[in-house]
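Notes follow once the structure below has been shown.
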Amino acid sequence: MPKGTKQAMKFIIYTLLTISISLSSVYAQEDYLSYTDTDLHPGEQVKGSEVEIKEALLPPTQSAEDSDPFEPINRGVFWVNGVFDYFFLTRVSEMYRGVVPQYGRERVAYALRNMNEPIVFVNNVLQGEMDDAAETLARFLLNTTIGLAGIFDVSTDMGFGYKKEDFGLTLASWGLESGPYLVLPILGPSNFRDTVGRMGDYAFDPINWWAYLDEQALYSNGRTGAQILDAKTDNLDLLAELKQNSLDEYATIRAWYKERREDLMIDDVDRRSVDSPRPDDDD
Amino acid sequence: MIKKIVLFSFMLFLSLKAANAATDGTQAEAFMDGIGQNVIDLLTDKKISDQDRADQFRTILDTKFNLKSVGKFVLGRYWKQASEEQKEKFLQLFKETTVASYSTRFKEYTSEKFEITGHRVESDGGVTVLTRIIRPGGQHIPIDWKIFEKNGEYRIYDVILEGISMGITQRSEFASVIQKGGGDIEAINKALGLKLASYRR
């Protein structure tokens, strides 16, 4: 990587990190448990959960749920991504699916995932999850050798399943709030924290270091491209279905992303179970 | 090691709590056991007509889900602002779009297997039954079902697909439609009506 690019990246990481740290205090507001709303409930003190109260105090055209202050810009990028997707990514993806059978695509997917293990390991360590780190290391060594450079996932059969980690999740485990939702060009849905995370993963990935020192500049870009194609091909039907069934594709993907990331943050036990449909007195 | 002890005591705590909870985990599993494979077989059945599949799926929605509670949840704060007539219309459209979108979505799929892997008693009195669908290629798709018992009846309230709650996703989507439509509840009924018409074309 040329020196200029490196400095620019450093600058971007620091800026985003600073912004998301400063924003996290804004988003971590105090909880209130009751409020007065003279329009809806005159002269009454209304009690409710934090979310309900926040919502009740907002005008009906605003959302309490999704932190998305850049929505107009995000929707713009989302639209451009959609065009790129329609004219290029979906075509390539369909070709890939047409030429390479599922078995072959699975091998590629596993190999790509295996190349991701070193950075998973780094994040396991950064989160202080030493058991997980040992497991990730074992997975990487087993799959790289017996699994022939990772094209076979032998370790899952031995009881070590893959568990995704990235620097965005590490920052979350350190208590950093997600910050506003962002749609990145080509890469798609993210937020401030995960964007910083993505750059962190890129910068600290041991395989990228190796590529950098070995002057394999094309390698990283090639891998990112392959990862995008793999993810896209894997989800081709799902995304087509989403287009057909969603009333607002942008909002659905935003919610999916948020849900998915929150799910990944929770280790095995209890998810935030309280926010889901439940019975009440009048049904 | 410490993590495992903590985890174990947490599980123990959960199972003790389960004794007092409103919804019984084992019974919720038995309830799901009766539905899961049926739904999959129905949605992937190529021998029956689209109309029959839709009708049978509607019956399952009516008898095994609590669509009113789900509808109320996905409409969020807009539920309270809606008139009785609007609510009625919304629930009807919500059900019919769900039927239309799911009843033809999976008919190309083949021989999927449904498997219950366990359950988790939740702090709100419900039970999450953990299941997965095993595709012919061997891939696993985890699906969790949020179940409550009310008046002696078990009903599904949410479906969580690979960690993504359908209830929360739809609430977000519907809120966005309403907000874009100037904060009017009619916006969602209009959008659902158009969607339904597009399915029936």
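Scope of the values below: all heavy atoms of this structure, side chains included, with no hydrogens, waters or symmetry mates. Chain naming here is simple, since letters A, B, ... match the order of the sequence lines and numbering starts at 1 in each. As the structure is a computational prediction, the values presented were derived from the model and not from experiment.
Counting only heavy atoms from C-beta outward, the side chains of A:Asp263 and B:Ile164 never approach each other to under 4.5 Å. Residues B:Ser165 and A:Glu259 form a side-chain contact, since some pair of their non-hydrogen atoms from C-beta on lies under 4.5 Å apart. Taking 4.5 Å as the limit, every side-chain heavy atom of B:Glu149 sits out of range of all side-chain heavy atoms of A:Pro279.
Heavy atoms of A:Glu71 lying under 4.5 Å from chain B belong exclusively to its side chain.
Taking OH from A:Tyr250 and OG from B:Ser172, the interatomic distance works out to 10.5 Å, rounded to the nearest 0.5 Å.
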* Please lay out, stage by stage, how B:Ile188 and A:Leu247 fare under the test side-chain contact (heavy atoms from CB on, under 4.5 Å). => CA-CA 9 Å; B:Ile188 191 68; A:Leu247 300 174; 3.7 Å; yes

* Asked: Do A:Arg254 and B:Ser176 pass the side-chain contact (heavy atoms from CB on, under 4.5 Å) test, and can you show the C-alpha distance, the side-chain angles, and the key distance before you say yes or no?
  -> CA-CA 11 Å; A:Arg254 181 178 61 195; B:Ser176 175; 4.2 Å; yes

* To do: Would you sort out whether B:Glu173 and A:Ser246 count as a side-chain contact (heavy atoms from CB on, under 4.5 Å), showing the intermediate values?
  => CA-CA 8 Å; B:Glu173 178 189 351; A:Ser246 176; 3.4 Å; yes

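For the residue pair A:Asn245 and B:Tyr199, a side-chain donor N or O sits within less than 3.5 Å of a side-chain acceptor on the partner.
The number of heavy atoms from other shown groups lying within 6.0 Å of CH2 (A:Trp174) is above 12. Counting heavy-atom neighbours within 6.0 Å of B:Glu186 CD, excluding the residue itself, gives a total above 12.
The main-chain N or O of A:Arg278 is never found under 3.5 Å from a side-chain atom of B:Lys146 such that the two would form a donor-acceptor pair.
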